[in-house]
Amino acid sequence: MTRYILRRLVLAVIVVLLVTVVTFVLLHLLPGGPARGVLGVKATQAQIDTFNAAQGFDKALPVQYWDYLVRLVHGDLGDSYTQNSPVTTLLGERLPKTLLLTVVSTLLAIVVALPVGVWQAVRRGKASDHVTTAFTFVLYATPVFFLSLVLIILFAQVLPWFPAQAAQGETVGELLSQPGSLVLPILAGTGAALAVFSRYMRASTLDNLAEDYVRTARAKGTPERTIVWRHVWPNSLTSVVSMLGYYVPTVFGGSLVVESMFNYPGVGLLFWTAARNADFPVLLGVVLVIAIATVAGSLLADLLQLLIDPRVRVKGARS
Amino acid sequence: MTVLSRLLARRTAVAGAILLVLVVLFCFLGPLLYGTDQSHTDLASARLSPGSGHPLGTDELGYDVLGRLMVAGRTSLIIGVLAGLIATAIGAVWGAVAGYTGGWLDTVLMRVVDTGVAIPALFLLLVAATLVTPSVGVLALLIGCVSWLVPARLMRAETVSLRERDYIRAITVLGASRTRVVFRHIIPNAIGTVAVNATFQIADAILLVAYVSFLGLGVPAPATDWGAMLSKGITYTFDGAWWLILPPGIAIVLVVCAINFLGDGLRDAFAVKGRR
């Protein structure tokens, strides 16, 4: 088992390294390189050369990549081209705000979706299942930006209950001082996650309800309520927990959009501003954070499953 | 019971299929019945609310929204379907090779997939869109190339489990060649899973097209798609121009729902246990 965990850790590191290679190469493929992006199309060749020399962009790509890695290991992501501060500072300011948004909306989604999924599965084929399933289907098919727009039209325009723009603030505390402005962004994030989780939970519960142990329990005369909540629920949770880790990229992808829709001052908005201004160090930094979070998420999911599911433990030990 | 009759027994799948046919007819035959000028702007009649002459009003450049919905739908559907098929094809081959070969090649191929999962597709599309001029074909290819990861994982899992089945082992022992095993036994047995996943892949691609266009990286004007219509309409949300936003948004939701309904039905009809 220790070997399995070590193996997974090594693989995770390799994947993160591969991500840095891909992002690094992609960003240097951009027409004119970073210099054009920063100095603009009117920059003279002399200006571009000076910039490249100052930033080390005149060296060979592998050398630049190595320099980049060395700085990375020292916790240095470089300085933003446009915002006069180190990328790590920018990320440090923005990450807590994005985490606030994603964690709250994911938790809300879980709290609602899991019981709903079980309830749908138990009432499979009844009208209430059809209605809620149709609802989650529609929610699943709704792009986050359209959902955000609908929320804005409904709850900021038709019924002016909440502002359409998130509060701006340096710290999480400042954001929390205007909780009303967080409602719509959080709802938009919740909606997307809710659809995925409840569909998954419904399917997982249905699978478990068809298992032999359920039939045995029924044959013994175990009350249906006990079967569902004592036997099926923990088993279905296991598979959903393992899915949560893989859901990390979707969460971040969603927050990129939600943040730009509501002008929410998190990592997503930082990403869009950086993309518009060709601010490469910031872009690399954001993508790296997302990649590490994704890899960590799936690693955590696998390890969690190892903890709660003995079958994986045996298989893992063997491989 | 055949797959088709099992599929027809599912009301949601049939409803999804009918809805899809209607949308396709609307987008491709609609313009013949309801002709509108979608290439010349008409600023004199810009942003008219829905009424006679323009059932869904006009947009900020004076295009008839109903007609625009049809033209945009063609772009969205064509790119979505192409991208979904490209993603499925790449993923299926990638996963089958990884799963069937095993060993170090499997490890390498699947680490590439892990890497792809860790990089947000939107980021890749963003960079790619600055390198090339988006057209229908280019967008389909780009979106296909960033969304083959799920089918690759699925196909690998399927191949690995098939490879270990007794009958495959038996024919391998009997001397069947690797090519024969792959083409006669593994691929035909995995086709259900792949076909079902292809529908979800198309649905996801249609969503991704919308995202890409929404970010302003879609097909250049006067061509448009549902995502671009939405992104243009946003500016007028607070002026109450709901007819610029709700029609394309609802169209996206309807099509994606319909395809997912059909996919779910297909999965049950093939008796495939799979994702979602």
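Chain letters run A, B, ... following the sequence lines, proteins first, then strands; residues in each count from 1. Any value given below was found using the heavy atoms of this structure, including those in side chains, with hydrogens, waters and symmetry copies removed.
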Chemist: What heavy-atom pair brings Val15(A) and Asp114(B) nearest, and what distance separates the two atoms?
Modeler: CG2-CB, 3.7 Å
Chemist: Taking every non-hydrogen pair under 4.5 Å, which of Val138(A), Val295(A), Thr133(A), Leu147(A) racks up the most with chain B?
Modeler: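 So the answer, after comparing Val138(A), Val295(A), Thr133(A), Leu147(A), is Val138(A).
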Chemist: Against chain A, work out which of Val256(B), Val112(B), Ile252(B) has the most heavy-atom pairs shorter than 4.5 Å and name it.
Modeler: Val256(B)
Chemist: Contact part of Ile245(B) toward chain A, heavy-atom cut-off under 4.5 Å: side chain, backbone, both or neither?
Modeler: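 The answer is both parts of Ile245(B).
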Chemist: Measuring heavy-atom distances to chain A, does Val255(B) have an atom under 4.5 Å in its side chain, in its backbone, in both, or in neither?
Modeler: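 For Val255(B), no heavy atom lies under 4.5 Å from chain A.
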Chemist: Among the options Ile14(A), Val19(A), Leu288(A), Val286(A), pick out the one with the most heavy-atom pairs lying under 4.5 Å from chain B.
Modeler: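 Highest number of heavy-atom pairs under 4.5 Å: Val19(A).
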Chemist: Atom CD1 in Ile152(A), atom CD1 in Ile234(B): separation rounded to 0.5 Å?
Modeler: 7.5 Å
Chemist: Just so I know, are the side chains of Phe146(A) and Leu246(B) near enough to count as touching, which here means a heavy-atom distance under 4.5 Å?
Modeler: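 Yes - at least one pair of side-chain heavy atoms lies under 4.5 Å apart.
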Chemist: Quick check on Ile292(A) against chain B: is it the side chain, the backbone, both or neither that has a heavy atom closer than 4.5 Å?
Modeler: neither
Chemist: Side chain, backbone, both or neither: which part of Val144(A) has an atom under 4.5 Å from a heavy atom of chain B?
Modeler: both
Chemist: Does CZ belonging to Arg111(B) count more than 12 external heavy atoms closer than 6.0 Å?
Modeler: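 Yes, the 6.0 Å shell around CZ holds more than 12 heavy atoms from other groups.
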Chemist: Under a 4.5 Å heavy-atom cut-off, does chain B meet the side chain of Leu18(A), its backbone, both or neither?
Modeler: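 Both parts, backbone and side chain.
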Chemist: Main chain of Phe145(A), side chain of Tyr211(B): is a donor-acceptor contact present, judged purely on distance under 3.5 Å?
Modeler: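 Answer holds: no.
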Chemist: Might you point out which heavy atoms bring Pro143(A) and Leu207(B) nearest each other, and give the distance in Å?
Modeler: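 In terms of heavy atoms, the two residues are closest at CG-CD2, 3.7 Å.
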